[in-house]
Amino acid sequence: MVTINQTALTDFLSAKDDTPIVMLNLLRFEPDGGRQRHFEYLEMAAPILARFGAKILFRGDGLPLLTDGEVKMWDAVLLVQYPSRSAFMAMVDDPDYQVAFQVGKSALVDIVLQPLKQTEVPG
């Protein structure tokens, strides 16, 4: 089930940092047609992302895990770059995106959304 933590979202959006972000999406699909609905979502979302200056940097299917422990296998990973936090929020609030989001949400059993900020590697 796709549930947004409103406190975390508010904290994320209230930061005075308007540099580009990359959103890591870890996806687990519904067994009954979830992967196909995800592709439908991507087709619907592509022009909307472009309108807000966002772009998909990477989309890939998960392969067998190489680590032990309390880890989950994810069906797919998506990395989406947004020009800013405010662009991300404007897109999420867009009525056309809300229609696409319902299709995307119907594709998923579970999702993790992790915003990432680029940092330089020391050295």
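Rounding to the nearest 0.5 Å gives a distance of 5.5 Å between CZ of F101 and CD1 of I4. The CZ atom of F52 sits 11.0 Å away from atom OH of Y97, with the distance rounded to the nearest 0.5 Å. Separating the CD1 atom in I111 from the CG atom in N25 is a distance of 5.0 Å, to the nearest 0.5 Å. Distance check, rounded to the nearest 0.5 Å: CG of L42 to CZ of R37 gives 13.5 Å. How far CG of L24 is from CZ of F58: 10.5 Å, rounded to the nearest 0.5 Å. Rounding to the nearest 0.5 Å places CD of Q114 at 8.5 Å from CG of L26.
For E43, the CD atom sits in a loose shell: 12 or fewer heavy atoms of surrounding residues, nucleotides or ligands are nearer than 6.0 Å. For D32, the CG atom sits in a loose shell: 12 or fewer heavy atoms of surrounding residues, nucleotides or ligands are nearer than 6.0 Å.
No side-chain heavy atom of I21 sits less than 4.5 Å from a side-chain heavy atom of L116. Between K72 and D110, the closest side-chain pair of non-hydrogen atoms falls below 4.5 Å. The closest side-chain heavy-atom distance from D75 to D61 is not below 4.5 Å. Contact annotation: the side chain of D96 never approaches that of P47 to less than 4.5 Å [non-hydrogen atoms, C-beta and beyond].
Looking at R85, its side chain does come within 3.5 Å of a backbone N or O of D17 through a donor-acceptor pair. Between the side chain of Q81 and the main chain of L57, no donor-acceptor pair closer than 3.5 Å is present.
A salt bridge between D18 and K16 is absent, with no side-chain N of the basic residue lying under 4.0 Å from a carboxylate O of the acidic one.
Both V80 and L9 sit in one connected hydrophobic cluster of ILVMFWY residues. Membership requires side-chain heavy atoms under 4.5 Å apart, directly or through other members. Cluster membership for M91 and V22, using ILVMFWY side-chain heavy atoms within less than 4.5 angstrom, is not shared. Put simply, L79 and F12 are part of two different groups of oily side chains (I, L, V, M, F, W, Y) that touch within less than 4.5 Å, one to the next. Put simply, L63 and V112 are part of two different groups of oily side chains (I, L, V, M, F, W, Y) that touch within less than 4.5 Å, one to the next. By the criterion of side-chain heavy atoms lying less than 4.5 angstrom apart, applied directly or through intervening Ile, Leu, Val, Met, Phe, Trp or Tyr residues, M44 is grouped together with L27 in one hydrophobic cluster.
Across all non-hydrogen atoms, the minimal contact from A100 to A45 is CB-N, 4.4 Å. When all heavy atoms of A76 and R59 are compared, the closest pair comes out as CB-NH2, 3.6 Å. Scanning all heavy atoms of the two residues, the minimum distance from V103 to Y41 falls at CG1-N, 3.9 Å. In plain terms, the two heavy atoms of L108 and G104 that are nearest each other are CG-O, 3.5 Å. In this structure, A54 and P83 approach most closely via the heavy-atom pair N-CD, 4.1 Å.
Taking the six-membered ring where tryptophan is involved, the planes of H38 and F29 are tilted, since the angle between them lies from 30° to 60°.
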